[in-house]
Student: 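Quick one: the structure is below, questions incoming.
Throughout, a chain's letter reflects where its sequence line sits, starting with A, and its residues are numbered from 1.
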Protein chains: 2
Amino acid sequence: MFSKACEYGIRATLYIAEQSLNQRRVNIREIAKAIDSPEAFTAKIMQQLVKSQIVHSVKGPLGGFEMLRSGSHDIKLYQIVKAIDGDNIYKGCGLGLKECNEEHPCPVHFKFLNIREELREMLETTSITELAKDLDKGIAFLKQ
Amino acid sequence: MFSKACEYGIRATLYIAEQSLNQRRVNIREIAKAIDSPEAFTAKIMQQLVKSQIVHSVKGPLGGFEMLRSGSHDIKLYQIVKAIDGDNIYKGCGLGLKECNEEHPCPVHFKFLNIREELREMLETTSITELAKDLDKGIAFLKQ
DNA sequence: AATAAAAAAGATTTTTTTGTCTTAAATAAA
DNA sequence: TTTATTTAAGACAAAAAAATCTTTTTTATT
Ligand code: FES
Ligand code: FES
């Protein structure tokens, strides 16, 4: 469904969000350990997430990653997926035609419509903070 | 969502199914042209589909691919996806955890549940013949 | 000012996916 | 029986994705 990069990106963001609930800044080593991902690769993905302003980073000793939530500013799952994988999941044709077009539909177009719409809706409405709270409560997990 | 191989596989199968409605056997050159896919790569995918008994092939002059539908035998979208991409889309964890487990859920597990269930349901119930008929009627297309 | 710890940037490697090419096997028709 | 046409099989190549390594930049602490 998502690329490995996107999976790690979501998991990393969720871990940072969870730690930020308690004002904890975390470094890449800790993140990779917490989400069981390759450290250097995860670091690369973090660069994208910082550029996309999904997480905030601080260099130097005591530095690391954090999420500054200024009240209204609430990141949605959608933004991470879009930043890393682009919006092909909702916009692209399920059978790989050059464009998904209502007027020139592929055979599964109308079968996929609902599902893709629900997926988009879910990603657009699910907030990172909401999910991070489940982690904090210990009812959801970021690794096996 | 699906791999390129799977997308080509579905499109190729649908084209064969459409032509089989009129008892036409088609060769790989014609298939690749009809679905706008790389011929040699598509040929490789056809080998998988033949091995999985989704389509039938005949060698030699006048040979090609066809679908023998013996009444009850009705291929579902699901079977093609499973043969090429495996069943990770329904069974695997959306965030890439080693296994998707109700008792040890990732933060998006219950958000994904409905969507994945609907996707599985759709793929399991949608028949190739049904889609091929839309192609035949000219209300669906396999290339731009 | 020197050191150490962290992220950023960029080059490089490995693995997987996508795609091609060549040869072999099957078979219909001349 | 030879030839032509087709799929099958397997080796190979290119591109993309995943992952690593090295160097640079920033910054807190000593
Ligand atoms: S045209 Fe294929 S999903 Fe819309
Ligand atoms: S555990 Fe992640 S989707 Fe079920």
Student: Is S57(A) near enough to dA6(C) that one of its side-chain N or O atoms lies under 4.0 angstrom from OP1 or OP2?
Tutor: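 No, because none of the side-chain N or O atoms of S57(A) sits under 4.0 Å from OP1 or OP2 of dA6(C).
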Student: Just to be sure I understand the rule, does R25(B) reach a base, reach only the sugar-phosphate, or reach nothing, if contact means heavy atoms closer than 4.0 Å?
Tutor: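 Touches nothing.
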Student: Which nucleotide sits closest to the side chain of P38(B): dT20(C), dT6(D), dA29(C)?
Tutor: dT20(C)
Student: Considering heavy-atom distances to DNA chain C, does A40(B) or F65(A) have its closest nucleotide positioned more toward the 5' end?
Tutor: F65(A)
Student: Can you tell me how far P of dA16(D) sits from CG of N88(A), to the nearest Å?
Tutor: 15 Å
Student: Both G60(A) and I28(B) contact DNA chain D. Taking the nearest nucleotide for each, which residue is further toward the 5' end?
Tutor: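 On the 5' side of the pair lies I28(B).
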Student: What's the closest nucleotide to the side chain of P61(A) if the choices are dA28(D), dT26(D), dT6(D)?
Tutor: dA28(D)
Student: Heavy atoms from C-beta onward define the side chain here; which of dA9(C), dA11(D), dA29(C) lies closest to that of K44(B)?
Tutor: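 Closest of the options to the side chain of K44(B): dA11(D).
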Student: Is it the case that the side chain of R29(A) and the backbone of E39(A) share a donor-acceptor pair, with hydrogens and angles ignored and the cut-off at 3.5 Å?
Tutor: no
Student: Using atom CG of L62(A) as one end and atom P of dT26(D) as the other, report the distance to the nearest whole Å.
Tutor: 18 Å
Student: Is a donor-acceptor pair below 3.5 Å formed from side chain Q47(B) to base dA9(D), judging by atom type as modelled?
Tutor: yes
Student: Let me know the distance between CD1 of I16(A) and C1' of dA7(C), rounded to the nearest Å.
Tutor: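 So the CD1-C1' distance, I16(A) to dA7(C), works out to 12 Å.
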Student: Ignoring hydrogens and angles, answer whether the base of dA8(D) and the side-chain atoms of K59(B) contain a donor-acceptor pair closer than 3.5 Å.
Tutor: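 A donor-acceptor contact between them is absent.
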Student: Between H104(B) and Q144(A), is there a side-chain donor-acceptor contact under 3.5 Å, judged purely by atom types and distance?
Tutor: no
Student: Nearest whole Å is fine: how far is dG19(C) P from D36(B) CG?
Tutor: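 Rounding to the nearest Å, CG of D36(B) and P of dG19(C) are 11 Å apart.
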Student: Under a 4.5 Å side-chain heavy-atom rule over Ile, Leu, Val, Met, Phe, Trp and Tyr, are F2(B) and F41(B) clustered together?
Tutor: yes
Student: Could you tell me how far apart K51(A) (NZ) and dA9(C) (P) are, to the nearest whole angstrom?
Tutor: 5 Å
Student: Between dA7(C) atom C1' and F41(A) atom CZ, what is the distance in whole Å?
Tutor: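 So the CZ-C1' distance, F41(A) to dA7(C), works out to 17 Å.
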Student: Send over the distance from E39(A) CD to dC21(D) P, rounded to a whole Å.
Tutor: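 So the CD-P distance, E39(A) to dC21(D), works out to 11 Å.
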Student: Taking the minimum atom-to-atom distance to the side chain of V50(B), which one of dA18(D), dA8(D), dT20(D) wins?
Tutor: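 Looking only at heavy atoms from C-beta outward on V50(B), the closest nucleotide is dA8(D).
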Student: Could you go through the side chain to side chain donor-acceptor pair (under 3.5 Å) check for Y15(B) and E30(B) one step at a time?
Tutor: CA-CA 10 Å; Y15(B) 182 68; E30(B) 180 179 339; 2.6 Å; yes
Student: Please give, in whole Å, the distance from dT20(D) P to K4(A) NZ?
Tutor: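 So the NZ-P distance, K4(A) to dT20(D), works out to 13 Å.
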Student: Please compare V58(B) and F2(A) by the position of their nearest nucleotide in DNA chain D and report the one closer to 5'.
Tutor: V58(B)
Student: On the nucleotide dA19(D), are OP1 or OP2 found under 4.0 Å from the side-chain N or O atoms that Y8(A) carries?
Tutor: yes
Student: For the hydrophobic clusters of this structure (ILVMFWY residues joined by side-chain heavy atoms under 4.5 Å, transitively), does one cluster hold both L95(A) and L135(B)?
Tutor: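 Hydrophobic grouping puts L95(A) with L135(B).
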